[in-house]
Amino acid sequence: MSVITIERKVLEKNDQIADRNRRVFAERGIFALNLVSSPGSGKTSILEKTFQGLRGEMKTAVIEGDVQTDLDAQRVTQYGVPVVQIVTLGGCHLEANLVQDALAKLDLTGIELLFIENVGNLVCPSNYDLGEAMKVVVLSTTEGDDKPLKYPAMIRNSRILLINKIDLIPYVSCDLNALRNNALQVNPDLKIFEISCVTGEGISDWCDWLRKKDCSEQ
Ligand code: MG
Ligand code: ZN
């Protein structure tokens with residue numbers, strides 16, 4: 001029982017700081033997205049394709065969460081996008097206070113879009129509000145079509161699902177219809193994009209949605 005109490009206190013504290021982050025985003029008109037997925041689903045590649053797709057139309061910044069390295073941050077920097085790296089040193093999720101610290105290191109002037117790339121983990125990041133407008137969950141076809149049923153909290157707490165690596169559909173045992181239906185069964189309000197960072201398929205639809213930044217859209 002005491003464990004549950006401590007956990008609840010940690011989350012309450014986290015939510016207070018998340019609200020502060022949310023106020024910063026609201027005051028500055030920043031649309032913040034919390035990118036969550038298992039490791040290797042392609043979050044960083046999606047960011048790269050997104051920067052290419054938006055071609056500098058929206059002033060964007062990135063907060064990169066990583067367990068150990070700044071390799072992803074180095075990739076993102078090549079696109080001229082301001083990036084702050086958070087190394088969690090083994091921590092398996094980002095917390096609102098880490099994002100608050102990262103925000104202090106970013107020049108937020110004129111920033112319209114902020115991507116927070118969470119640590120690759122489909123479990124606990126779903127519990128931690130970072131102050132984002134919404135969570136964007138990435139599932140790749142190589143992970144199979146049953147992930148939404150195995151990690152329902154993440155699907156339920158997300159507003160967008162990016163199904164990545166659709167170019168690999170002929171080679172993997174993933175039924176795209178089943179994946180879509182499993183996800184919608186858990187969260188009927190989920191907006192789904194099917195994309196490939198190799199062929200570029202679906203990226204323009206995703207970028208169009210970002211241009212509109214329509215939070216009310218289901
Ligand atoms: Mg990455
Ligand atoms: Zn964790």
Listed partners of [X] passing side-chain hydrogen bond (donor to acceptor under 3.5 Å, both in side chains), at least two apart:
X: T77; answer: none
X: Q85; answer: none
X: R22; answer: D129
X: S158; answer: none

Tabulate below the donor-acceptor pairs under 3.5 Å that side-chain atoms of residues 90-101 make, not counting sequence neighbours, or state none.
unit_1	atom_1	unit_2	atom_2	d
H93	NE2	E95	OE2	3.0

Which pairs with one or both residues in residues 133-143 pass side chain to side chain donor-acceptor pair (under 3.5 Å), sequence neighbours excluded?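 Residue pairs with at least one partner in residues 133-143: S38-E143, E132-K135, S140-T142, S140-E143.
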Do any pairs count as a side chain to side chain donor-acceptor pair (under 3.5 Å) and have a residue in residues 102-114, sequence neighbours left out, and if so which ones?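 Passing the test, one end in residues 102-114: D107-T109.
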Return the orientation label for the W206 and F193 ring planes: parallel under 30°, perpendicular over 60°, tilted otherwise. perpendicular
Applied to residues 35-69, the ring-ring contact (aromatic ring centres under 6.0 Å, His included) test, sequence neighbours excluded, yields F51-Y79
Please list all pairs meeting ring-ring contact (aromatic ring centres under 6.0 Å, His included) that have one or both residues in residues 130-188, counting only residues at least two apart or in different chains. none
Sequence neighbours excluded, every pair satisfying salt bridge (charged side-chain N to carboxylate O under 4.0 Å, His left out) that has a member inside residues 174-186: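 Sorted pair list: R180-E194.
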Tell me the salt bridge (charged side-chain N to carboxylate O under 4.0 Å, His left out) pairs involving residues 73-91, sequence neighbours left out?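 Qualifying pairs, neighbours excluded: E48-R75, D72-R75.
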Not counting sequence neighbours, which residues clear salt bridge (Lys or Arg N to Asp or Glu O under 4.0 Å) with K59? List them please. none
